[in-house]
A.B. asks: 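The following block contains the structure, expressed as structure tokens.
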Amino acid sequence: MQQSTTPHSAADSPVGNSPQGAQNFEPSAAIKAPQLTFFYDGQCPLCMKEIRMLNSWNTSAAVAFVNLLSAEEMIAFSEVDIDDAQRSLLAMTSDGVILRGVDATYAVWAALGKGHWMAPLNWRWLRPITLLAYRIFARYRHQLAFLLTGQRRCASCELPAPPANKTGLKN
């Protein structure tokens, strides 16, 4: 889902009338829409462990994390099939392109500046193996979560507020 911004002229902004040359100020540059929206299962303890880590790197609000199981958060994404997203990771680019599975994983890490860590997912010779491994993981994630965390589901896993960005403002 794209967010539209209305272009502003310097005359529309009180800063634009400043004699100090601030007329080049663009409000849309100060408030940026996320590059990527990443959908997650808010009741999967293993998923939440990764989402918490990813969110801790989201200092510039490049990614919007959306809990598939939150009616409030999902209301803006009526085009997303929740059952489909529960079967495979789902991400949406700022221009509305849907990414699934390994591609969604790579996209979120890349948006957070960590794409080099996930680059092997896209190596030509390794790609068939990563796609197969992801399908197996996705199918058995609740069982794997139980083995690794002791929980198959959590009643209400919570995502903490994102860290302050580099300007000190909250996202």
A.B. asks: Within this structure, what is the CZ-OG1 distance for the pair F38 and T105, rounded to the nearest 0.5 Å?
C.D. replies: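 It comes to 5.5 Å.
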A.B. asks: Report the C-alpha separation of W123 and I129 in whole Å, then their side-chain angles, then the decisive distance to 0.1 Å, and conclude whether the side-chain contact (heavy atoms from CB on, under 4.5 Å) test is met.
C.D. replies: CA-CA 10 Å; W123 290 349; I129 297 166; over 6 Å; no
A.B. asks: If two hydrophobic side chains count as joined below 4.5 Å and joins carry through other members, does L144 share a cluster with I51?
C.D. replies: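 Per the 4.5 Å side-chain linkage, L144 and I51 are co-clustered.
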A.B. asks: To the nearest 0.5 Å, tell me how far E73 CD sits from I75 CD1.
C.D. replies: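 So the CD of E73 and the CD1 of I75 are separated by 11.5 Å.
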A.B. asks: With a 4.5 Å limit on heavy-atom distance, are the side chains of Y40 and N55 in contact?
C.D. replies: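 Contact flag for Y40/N55 side chains = no.
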A.B. asks: Strictly by salt bridge (charged side-chain N to carboxylate O under 4.0 Å, His left out), give each pair with a member in residues 105-131 just once, sequence neighbours left out.
C.D. replies: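 Matches after skipping sequence neighbours: D103-R127.
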A.B. asks: Do F146 and L46 sit in one hydrophobic cluster, given that two such residues count as connected whenever their side-chain heavy atoms are within less than 4.5 Å of each other, even indirectly?
C.D. replies: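 Unlinked, F146 and L46 end up in two clusters.
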A.B. asks: Where do C47 and D41 come nearest, in terms of heavy atoms and distance?
C.D. replies: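 Taking every non-hydrogen atom into account, CB-O, 4.0 Å.
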A.B. asks: Centroid-to-centroid, F39 to F77, below 6.0 Å?
C.D. replies: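 F39 vs F77: aromatic centres under 6.0 Å.
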A.B. asks: When rounded to the nearest 0.5 angstrom, what is the spacing between OG1 in T130 and CG in N122?
C.D. replies: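 Reported to 0.5 Å precision, the distance equals 7.0 Å.
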A.B. asks: For L68 and M74, run side-chain contact (heavy atoms from CB on, under 4.5 Å): C-alpha distance rounded to whole Å, both residues' side-chain angles, the deciding distance at 0.1 Å, then the answer.
C.D. replies: CA-CA 6 Å; L68 288 165; M74 288 301 296; 4.1 Å; yes
A.B. asks: What verdict does the side-chain contact (heavy atoms from CB on, under 4.5 Å) test give for Y106 and L99, after you've listed the backbone C-alpha separation in whole Å, the side-chain angles of each residue and the deciding distance to 0.1 Å?
C.D. replies: CA-CA 10 Å; Y106 179 77; L99 304 169; over 6 Å; no
A.B. asks: Kindly write out the residues that satisfy salt bridge (charged side-chain N to carboxylate O under 4.0 Å, His left out) with D81, not counting sequence neighbours, or none if the list is empty.
C.D. replies: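 Listed in chain order: nothing, the list is empty.
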A.B. asks: To the closest 0.5 Å, what do you measure between CD (Q35) and OG (S60)?
C.D. replies: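 Spacing of CD (Q35) from OG (S60) equals 7.0 Å.
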A.B. asks: What class does the angle between the rings of W117 and W109 fall in, given that below 30° is parallel, 30 to 60° is tilted and above 60° is perpendicular?
C.D. replies: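 If you compare the ring of W117 with that of W109, the planes turn out tilted.
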A.B. asks: R141 versus R87: any side-chain heavy-atom pair under 4.5 Å?
C.D. replies: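 No. Closest side-chain heavy atoms not under 4.5 Å.
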A.B. asks: Indicate yes or no: at least one non-hydrogen side-chain atom of P34 is less than 4.5 angstrom from one of V63.
C.D. replies: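 They are not in side-chain contact.
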A.B. asks: Which value, rounded to the nearest 0.5 Å, describes the distance between N67 atom CG and M48 atom CE?
C.D. replies: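 One finds 7.0 Å between CG of N67 and CE of M48.
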A.B. asks: Please name the pair of heavy atoms, one in L126 and one in P120, separated by the smallest distance, quoted to 0.1 Å.
C.D. replies: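 It is CD2-O, 3.5 Å.
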A.B. asks: Is Y140 reachable from L148 through a run of I, L, V, M, F, W or Y residues, each pair having side-chain heavy atoms under 4.5 Å apart?
C.D. replies: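 Unlinked, L148 and Y140 end up in two clusters.
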A.B. asks: Indicate yes or no for a side-chain donor-acceptor contact from S88 to the backbone of G101 under 3.5 Å, with no hydrogens or angles considered.
C.D. replies: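 Checked: pair present.
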A.B. asks: Tell me which one of V66, V97, I98 satisfies side chain to side chain contact (heavy atoms under 4.5 Å, CB included) with M92.
C.D. replies: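 So the option named by the test is I98.
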A.B. asks: Can you check side-chain contact (heavy atoms from CB on, under 4.5 Å) on L89 and Y134, steps first, answer last?
C.D. replies: CA-CA 10 Å; L89 282 175; Y134 177 76; 3.5 Å; yes
A.B. asks: Would you find more than 12 non-hydrogen atoms of other residues, nucleotides or ligands less than 6.0 Å from L147 atom CG?
C.D. replies: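 Correct, the count exceeds 12.
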A.B. asks: Drop me the distance from S56's OG to L112's CG, to the nearest 0.5 angstrom.
C.D. replies: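 That separation rounds to 8.5 Å.
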